[in-house]
Amino acid sequence: MVTDSLNGESGVTDGGGATYGLQADALAIVNGCAERIRTAYRDETRRIFAIGQDLKEAKGHLRHGHFGRWLRAEFGWSERTAQRYMQAARVFGGKTDTVADLAPGAIYALSADSTPAAVRASVLARVEAGEQPDACEIKSEVANAKKAERAYRAEMRAVRDVSQPLPYLAAQRKAALAQRAASFILTHLGNERRTLTRLIEDVDPKALVEALLAREAVGPGEPIDAIEFDDAAMN
């Protein structure tokens, strides 16, 4: 007997795998179950691709608007269910053997339109190298990548829309944007920058942008050198 590396119990090895504390007869039964499950997994994954291909072919022959009716009549399916099969077939149609050991949930997660291509390529590379990432691991990787992508897009939207608060920008990026604005003001206003500073000292940035856009639409306003400050009102 040898010691099981997972739980420290004694048992007969299966030639390199864990024994799970089982004797030879019980271990043989468990190993047989595992192999049948792996075979069923592969068969189920291949069925996903076969169903997807048949759905694509049927859809190509049905008239516009009839695909959903056909799905409900034949299988009681929604078009969303059919799309999952067809998308899996489109993405992995030429790599069925490569991904045959992945769980159906992993196949659906990887083939979804919203899954970043970089994540899909990374997982495929790992599988081709001999790794077997499980469905939970793949779904977590996909979810993290989507979260990072959403945060990046939100940050880019904030950068483009200067009239909105910038909660996603790091402090150093805000400082860099401020430096660019200051450089523009100094270049175009020169000594008049002090006048501008007094004018906008207590102004809401969003209101200022809206006012600038409104004045631009009706033509130039009062020249800066014609403005007289009411110091009492300014304080």
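- The local environment of CD in Q132 is sparse, with at most 12 non-hydrogen atoms from other residues, nucleotides or ligands closer than 6.0 Å.
- Side-chain contact between F92 and T98 is absent, with no heavy-atom pair separated by less than 4.5 Å.
- Looking at E35 and R38, a side-chain N of the basic residue comes within less than 4.0 Å of a carboxylate O on the acidic one, giving a salt bridge.
- When each of V91, L102, L124, V127 is checked for a side-chain contact (heavy atoms from CB on, under 4.5 Å) with L110, only L102 meets the rule.
- Partners of Y85 under the ring-ring contact (aromatic ring centres under 6.0 Å, His included) rule, at least two apart in sequence or in another chain, are W77.
- Of all heavy-atom pairs between G52 and M86, the closest is O-CG, 3.7 Å.
- Here the closest non-hydrogen pair linking P133 and I138 is O-CD1, 3.8 Å.
- Between W70 and L55, some side-chain heavy-atom pair lies under the 4.5 Å cut-off.
- Scanning for side chain to side chain donor-acceptor pair (under 3.5 Å) contacts around R90 gives Q87, with sequence neighbours left out.
- E141 places a side-chain heavy atom less than 4.5 Å from the side chain of S122.
- Within the 4.5 Å cutoff, no side-chain heavy atoms of I29 are placed close to those of L22.
- Shown here for T96 and G93, the closest heavy-atom pair between the two residues is CG2-O, 3.7 Å.
- Annotation: side chain of Q83 is not in contact with side chain of R80 (no heavy-atom distance under 4.5 Å).
- Closest approach of S78 to L71, counting heavy atoms only: O-CD1, 3.9 Å.
- Residues passing the salt bridge (Lys or Arg N to Asp or Glu O under 4.0 Å) test with K56: none are found, sequence neighbours excluded.
- Applying the salt bridge (Lys or Arg N to Asp or Glu O under 4.0 Å) test to D97 and every residue at least two apart in sequence or in another chain returns R46.
- Within the structure, every pair that satisfies the salt bridge (Lys or Arg N to Asp or Glu O under 4.0 Å) test and touches residues 98-123, not counting sequence neighbours, is listed here: R42-D101.
- Counting only heavy atoms from C-beta outward, the side chains of F49 and T45 approach each other to under 4.5 Å.
- Listed by chain and number, the residues in a salt bridge (Lys or Arg N to Asp or Glu O under 4.0 Å) with E137 are R126 (sequence neighbours excluded).
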